Amino acid sequence: MAVIETRNLTKIYRVARKAPGWLGSLRHFFRREVQDIVAVRDLTFTIEGGEVVGFLGPNGAGKTTTLKMLTGLIHPTSGEVRVAGFSPWKRETAFLRNISLVMGQKQQLIWDLPALDSLRINAVVYGLEETTFRHRVAELSELLEIQHILNQPVRKLSLGERMKAELLAALLHFPRILFLDEPTLGLDVNAQAAIRQFLRAYNERYGATMILTSHYMADISALCERVILIHQGTVWYDGPLSGLLEKFAPYREIRVEFHQPIARENLQRFGEVERVEGRRAHLIVRRKDVTDVVAQMLRNFPVMDLTIQDPPIEEIIRRVFALPGHSPVP
Amino acid sequence: MKRYLRLLALFWSTSVAQEMEYRLNFLLALLSSLGSAAGGLFGLSLFYRAGHALSGWTYPEAVAVLGVFTLLQAFSRALLFPNLNRIVDHVQYGTLDFILLKPVDSQFWISLRILSPWALPDALMGSLLLMWATWQLKRSFLSLMGALPAILAGILILYGLWFFLASLTIWFVKIYNVTYVLQSFLEAGRFPIGAYPALFRWFFTFVLPVAFLTTVPARQVVGRTAGHVGSLVMAWGLGLLLFAGSRMFWRFALRFYTSASS
Amino acid sequence: MKRWIRTLRTFLGVYYAYMLEYRSEIYLWALAGVFPFILMGVWIRAAESGHFGWEPVRFARYFFAVYLTRQLTVVWVIYEFEETVLKGTLSFYLLQPVPVVLRFLSSHLSERLARLPFMLALTLFFFLLYPRAFWIPDPRHILSFLILVTLAFGLRFLIQYTLSMLAFWTERAASVDEFFFLAYLFLSGMIAPLDVFPEGLRRFLMWTPFPYMLYTPARALMGGTVPWNQVLPVIALWGLFFWGLYRILWTRGLRHYSGMGA
């Protein structure tokens, strides 16, 4: 059953345009010049219950605007949106009890008090019984491995611990739909992995629907079977992640370290050489050629270390949109 | 309803617990409250030592006005200042999003989230001034209780005005300090309204209803009750009007908040 | 010397541009300084009784002059300094071959310039509303006023800057200044000209720095004689005292600050 449905969802911001200086202000006062900025245009998609969907797109593509329209923080300019059977912007109590929003850069926990105090407030807000509350805190804190820090003031927690506690606060009422805006932003690699693992487990265990935006490819590839690529406010791609990579990023990045410096010319036949610094080199290679290239390199050069990775999402997206002839999916 | 009461209890106990981390503040608040009461009394005495009675009121009567003023100051320190002046932060840092997504009335949350315990010295000082005035005037303490409805009306009016100005920051983040302007005008409530010239009286009754905040409750305390019922009804009417207005205005303002953020 | 002038000019220019960005905020602060006007109302009415030896118009002029003086001598360096220390920006400033205080002075001076249009508008408005109070001061009185206002600003700035040094040790330095402000509020002539204070208290106060920050400049603008041979030595003595205190606290504070590894 579809949990989220949008049809021709559009958001247009009206922004006042004003010349700088007080003369500009004066002119602006008498004759207001406004400009319409289209943040999101004709977005149409359906998300089924239990799906984990990643929103991708460069900065300012309209990801956050879409997320805010789905949660009801923003009123759409036109088009239709139904989330769990509700019109989000009405923010009815029954709707709000069904959803939760986690924002990587913002926090709702009280800074000077133990996280448990903030959790207690949320329990009352969502009308949880004392026993249910204790039960859920125990269950979630075990999954998140933060039982021991719930009694410490939030300000004394590390960034990763704080994010886990934020997640606990957001999930206390067991929302059926979870919106995550950059949930791993600024965390170190271990903390990122832990958050991912938790989200995956949560999805599997409770069948919650999750919509996620992230800058980190690893977040997307670890969690989302399906991605929606948004650019300039419209959907450019909607489908499985593997399809996106084949379609838009048929490349991988190979980082090698040799025993001695190797000249750029000798590497160029393998692919696009991005950088050579002494004994280190970065190459961009077509996805299907990767195995071949690695084998050849190991055979021909004194390789000390070698890693293969996906280029960062920003990088992929930059490449996608730098190429001419790409247009939105019809 | 029960959920809201439980929530309020939690809100206030957590915010008091949070403030208890900074215990030195209590001493500072106590001293500042003592200082401003002493200054206020000194200011009044400058008129009375020369034989001038403000608005024809005796010194203890004028002290009753100062007492009500101090009580309202305590109220603004306890609730208005810590909550409403933070609306601008909620807008700037986007934490308003969290509040809006909670299945709880957002105006309730925004207005009552924090209770500052440091208003306590002011509340004590205000009560002390009022008690001294009633004792001097040989009035019963029952007359003090009789002023409660008028004080409550004053609180409603004050809240309505403050809330209106503070929620303007949803449009204009730069005028975060507009409530300080309100506060400075409210200083006029230190004196009975009759102590001002006609133009001031008109302004502080019809434009900025300071007269209803302190003079009307003080009249009940000191027993100048001629025509009092009429002004009490007006105060309550105004208070309820402003409160209802604040509810409507908040809903209206939110429409703009939600469309302004990206 | 030339280099200093250039530095100062650049600082003033940059800070002025910065202040212009915050015009609406500054105008609101200026509007929040209405306290003298409120007291003007009470005192005009009180003067009609003839108890105080001053005519109503004289009180009006006095409080108007107090408003001007206050606007020209507003100081908030302690909040700025506190933030600089807490955020660690001070470390950057310390590395630059320019005295740290120059930045704060520049921001205060240029803010005054940004405030000027509002003060002029308010002056116009006031005399339109109360034309009887209008007067054109003698150029000599204006000169005395300007000298005294400069001294008042310097003294107020120096005292608050000295208190700011406490920010090296405590996060609540600003609340210490709030006590100083309470004394300033009631003893500097803000609530009433010192002429209506009890004789003994007035004589005592003339030995403190308070009257020189409001009362003396305001009286000078009204055309009162300035007892220079008392004003200058007292200001100089207090200036020297706080300068010495500032030097001691600054050196020790810096040692403490670097000791914290900031």
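Keep in mind that this is a model prediction, so the values were computed, not measured.
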Fill in the blank from the handout: Nearest heavy-atom approach of A/Thr93 to B/Pro103 is CG2-CB, 3.6 Å
Problem - B/Arg201 atom CZ, over 12 foreign heavy atoms within 6.0 Å - result: yes
Practice task
Determine whether more than 12 heavy atoms belonging to other residues, nucleotides or ligands lie under 6.0 Å from atom OH of B/Tyr93.
Solution key: no
Problem - Any donor-acceptor N/O pair, B/Arg3 side chain to A/Val125 backbone, under 3.5 Å - result: yes
Practice task
Step through the shown structure and confirm whether more than 12 heavy atoms of other residues, nucleotides or ligands are within 6.0 Å of CH2 on A/Trp111.
Solution key: yes
Practice task
Quick one: pull up CG in B/Leu101 and CZ in A/Phe95 and give me the separation to the nearest 0.5 Å.
Solution key: 7.5 Å
Problem - Euclidean distance, A/Gln108 CD relative to B/Asp97 CG, rounded to 0.5 Å - result: 11.0 Å
Exercise for the section: Verify the neighbour count for atom CD of A/Glu130: are there more than 12 heavy atoms of other residues, nucleotides or ligands below 6.0 Å? Expected result: yes
Fill in the blank from the handout: In this structure, CG of A/Asn122 is separated from NZ of B/Lys102 (nearest 0.5 Å) by 4.5 Å
Problem - Those residues of residues 97-105 of chain A, ordered by number, that approach chain B below 4.5 Å (heavy atom to heavy atom) - result: A/Arg97, A/Ile99, A/Leu101, A/Met103
Handout entry: Non-hydrogen atoms of B/Leu100 and A/Leu96 that approach each other most closely
Key = O-CD1, 4.0 Å
Exercise for the section: Taking all non-hydrogen atoms of both residues into account, name the closest pair between B/Thr95 and A/Gln107 and its distance. Expected result: CG2-O, 3.8 Å
Problem - Side chain to side chain, B/Arg113 and A/Ile110, heavy atoms closer than 4.5 Å - result: yes
Problem - Minimal non-hydrogen separation, A/Ile121 against B/Leu7, with atom names - result: O-CD1, 3.8 Å
Practice task
Compare all side-chain heavy atoms of B/Phe98 with those of A/Lys106 and state whether any distance is below 4.5 angstrom.
Solution key: yes
